[in-house]
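Comments concern the structure below.
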Amino acid sequence: MMYKYFGFFLAAFLVISVAICSWIYVIYQQEKELLTELKRLNTSKSEVE
Amino acid sequence: MLAVLVRKDLLIEFRSREILISMITFGAAITLLYAFSFRPSPESMLTFAPGLMWMVFLFVSVLALHRSHSLEKEFDAFSMILSAPVERSVLFISKYLSGFIFLVVAQMVLLPLFFLFLQLPLPANLAQMVAVFLLVDLGISAAGSLLSGIVMRVRVNEMLLPLMLFPMVTPLLISAVKSTASIMDSQPFNQWKLWFQLILSFVIVFSLIGYLIYDYVSEE
Amino acid sequence: MLSIKNINKQFGHRPVLRDVSLEIGDGELLGLVGPNGSGKSTLLRIVVRVVSCDGGSISWNGNSILNAGADQRRPLLYLGHEPGFYPPLSAAENLLLIAKLYGLEPSPADVEKNLSEVGLDPARSGPIREFSRGMLQRLALAKTLTIPWELLLLDEPTTGLDKQGKSMLSQLIETWRKDDRSLLLVSHDEEWLSSHCDRMVQLSNGRIQRSEVDGEKSVQTELVGEA
Amino acid sequence: MESFHSRQSSKVMAGILAVFWVVVLYLVLNVTRIDPDQQMAQKIFYYHVPSAWVAGLGYLVVMFAGVLYLTKKDEKWDHLGLAAAELGTLFCALVLITGPIWAKPIWGAPWSWEPRLTTVLIMFLIYIGYFMVRNFGDEGERTRRISAVLGIAAFFNVPIIYVSVKFWAADAQLHPQPAMSQQSPDVFWTFMLSLLVFTLLFVHLLRFRVHILKLRSIVLGMRYDV
């Protein structure tokens, strides 16, 4: 690991990994919210019925 | 039908003079600003003039492209045209041609001003220059008519149009600048043939896409 | 005969029209009523292909309108909520232009006659940008005299009209009724509509709610067979 | 509807991707040959090129989804198009970031008007416009239609952009273009594995996103259900 330019490689790798992970995190949160709302809508619908 | 539609755009412009006057005054104003910010000398200007020139025309064309669709919305004449027995592809060609005509007319006024203000020598081969200009104008109005049709019903469309148009026409702008520079440098056609071909392919691609796809864009 | 079958339309995810089916027989004057936002205007605009729809079919005398060329729209004339003209042009120029879009070449005398018939001064050459709402509506009505339509679709035609304008419109509608022409009238003014229409259909929340024949309430499905 | 990762196949795929992400990193760090000049900087290439490939793949999918949406008018093609546009733009951004990180030590300057870089930048800008249209437009059918048109127009513009930029910056063509078949097997197979992992990651994220968009459409539709 004493090779030259290791910092640059690490920076590039981290940028890619962090970007993809944040992406997954964001859409995962969105999915969670949507599922909660779907559940809420379903229960309120069955209450009406 | 195409002639009716183009004549309509020209008649409206003849009555209101909105598009051409705003194009020409805006273009002249930018040219003046260029002259003030660069203090032109004939030698130095030759390098930058083609680029500056096409920037002016691109900015100016956005005014015409935006206005030509926003005029249709004012009293909702667009719904009238859409409900009339007019093919949408013909509608696209009419917008495309009238945009082209406005751009050419504005250029006929602005180009002499540009050469005068920036103290540029006239190019030796005027025919080549005219051919390149007409072709590039076709390209700008083909892409521009399609895009202004796309954004016309979107909010903040006056801002979106240049944002969409400028990156889309980069290849056209590069080729226009390069071929204009070559003509002003009196280079033989063979040396800049490639740029000419690029302009041609851009015109063909966007004319075709617009012709085939405008139907999907026009309906609300 | 215009037949509209199972038209659905959503704006975003909000349904505007749900499974709307409707038929207008030859020579029938159909009134479409409903509160604001019930989808009346949208339905009209879908028929003349100003607005796209999400599903369903529309045909005129058996020929599909939705997936066909522009010529299939020729029998239909649509007068929208907005006047549908070019503000910088004069009244006569606007009429002439629209006639040309329908492939007609009316003489200037014809145009002038139509203008005076709707109560506009044919000699006036200024741009219609200066016109009042009522004058624009009169000009829009002049379209119905200039273009030979088979089905007229009118969206809130009384908007902005004064008393005289309204009675002129009523007169026009009565003449059309006598001549057995087909009309689709949209208005929220139920009273005005019922005095003219053969049949009324109510649209509410994007669904056809009820329809009436001469004030008699009956179910829409029974009427489709009749029409 | 259930969550995407409650499906067995999705879970397995996610696990495989996580493992292979680490495997690729290990191979890149410890197995592949060290370039005598560029040393570690050269290894950015194992991530930079697959990102570019995925970005291009994304925009290709946008184009096909656009054509399918215009012809079939089925909302699912719009979901696919939007998901692919988002992923394409994400990876486009990654290419634009990792490129300069590599170029800083090797070319001495982070940015050069090199044709591929410039083309990617222009594509990125075009897609920024695409997302603005999507955000400022209502969520109606028309917005889906015009997005499809934009996706198609943008895609057919790419070759023209590339050729024009290539001849415009004829003096700046420093971009390394190594022929992969001439590389030693360690380099070749690591690169191929990385390419495969990125492609599978793209497919997985695409399916995840399409699933969410479908879910979203159901939820939004139910809000108006009377």
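Chain letters run A, B, ... following the sequence lines, proteins first, then strands; residues in each count from 1.
Take S98(B) and apply the side-chain hydrogen bond (donor to acceptor under 3.5 Å, both in side chains) test, not counting sequence neighbours, and it matches D9(B). With sequence neighbours excluded, no residue forms a side-chain contact (heavy atoms from CB on, under 4.5 Å) with L212(B). The side-chain contact (heavy atoms from CB on, under 4.5 Å) search around V169(B) returns L58(B), A143(B), L165(B), L172(B), F202(B), not counting sequence neighbours.
Comparing L163(B), V177(B), V156(B) by heavy-atom pairs within less than 4.5 Å of chain D, the highest count is held by V156(B). Taking I160(D), I152(D), L125(D) one by one and counting their heavy-atom pairs under 4.5 Å with chain B, the maximum is reached by I160(D).
Across all non-hydrogen atoms, the minimal contact from M132(D) to L160(B) is CB-CD2, 3.5 Å. Nearest heavy atoms, I209(B) versus A153(D): CD1-CA, 3.9 Å.
Side-chain contact between I146(D) and V154(B): present, with at least one pair of heavy atoms (C-beta onward) separated by less than 4.5 Å.
Interface residue M168(B): backbone and side-chain heavy atoms are both found under 4.5 Å from chain D. Using a 4.5 Å cut-off between heavy atoms, L150(D) touches chain B through backbone and side chain atoms alike. Within the 4.5 angstrom heavy-atom criterion, only side-chain atoms of F206(B), from C-beta onward, approach chain D. At a 4.5 Å heavy-atom cutoff, the contact between I150(B) and chain D is made by backbone and side-chain atoms alike. Using a 4.5 Å cut-off between heavy atoms, A154(D) touches chain B through backbone and side chain atoms alike. Using a 4.5 Å cut-off between heavy atoms, V217(B) contacts chain D through both its backbone and its side chain.
Heavy-atom neighbours of F166(B) CZ from other residues, nucleotides or ligands within 6.0 Å: above the threshold of 12. Annotation for F131(D): atom CZ counts as buried by contact number, over 12 foreign heavy atoms lying within 6.0 Å. Under a cut-off of 6.0 angstrom, the local environment of CE in M55(B) is sparse, with at most 12 non-hydrogen atoms contributed by other residues, nucleotides or ligands.
A distance of 12.0 Å separates CD1 of I174(B) from CZ of F167(D), quoted to the nearest 0.5 Å.
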Are there any donor-acceptor pairs closer than 3.5 angstrom between chain B and chain D, and if so, which ones?
residue, atom, partner, partner atom, Å
G149(B), O, R142(D), NH2, 3.3
I150(B), O, R142(D), NH2, 2.8
R155(B), NE, F136(D), O, 3.3
R155(B), NH2, F136(D), O, 3.4
M168(B), O, N157(D), ND2, 2.7
Y216(B), O, R145(D), NH1, 2.7
V217(B), O, R142(D), NH1, 2.2
E219(B), O, R142(D), NH1, 3.4
E219(B), O, R145(D), NH1, 2.9
E220(B), O, R145(D), NH2, 3.3

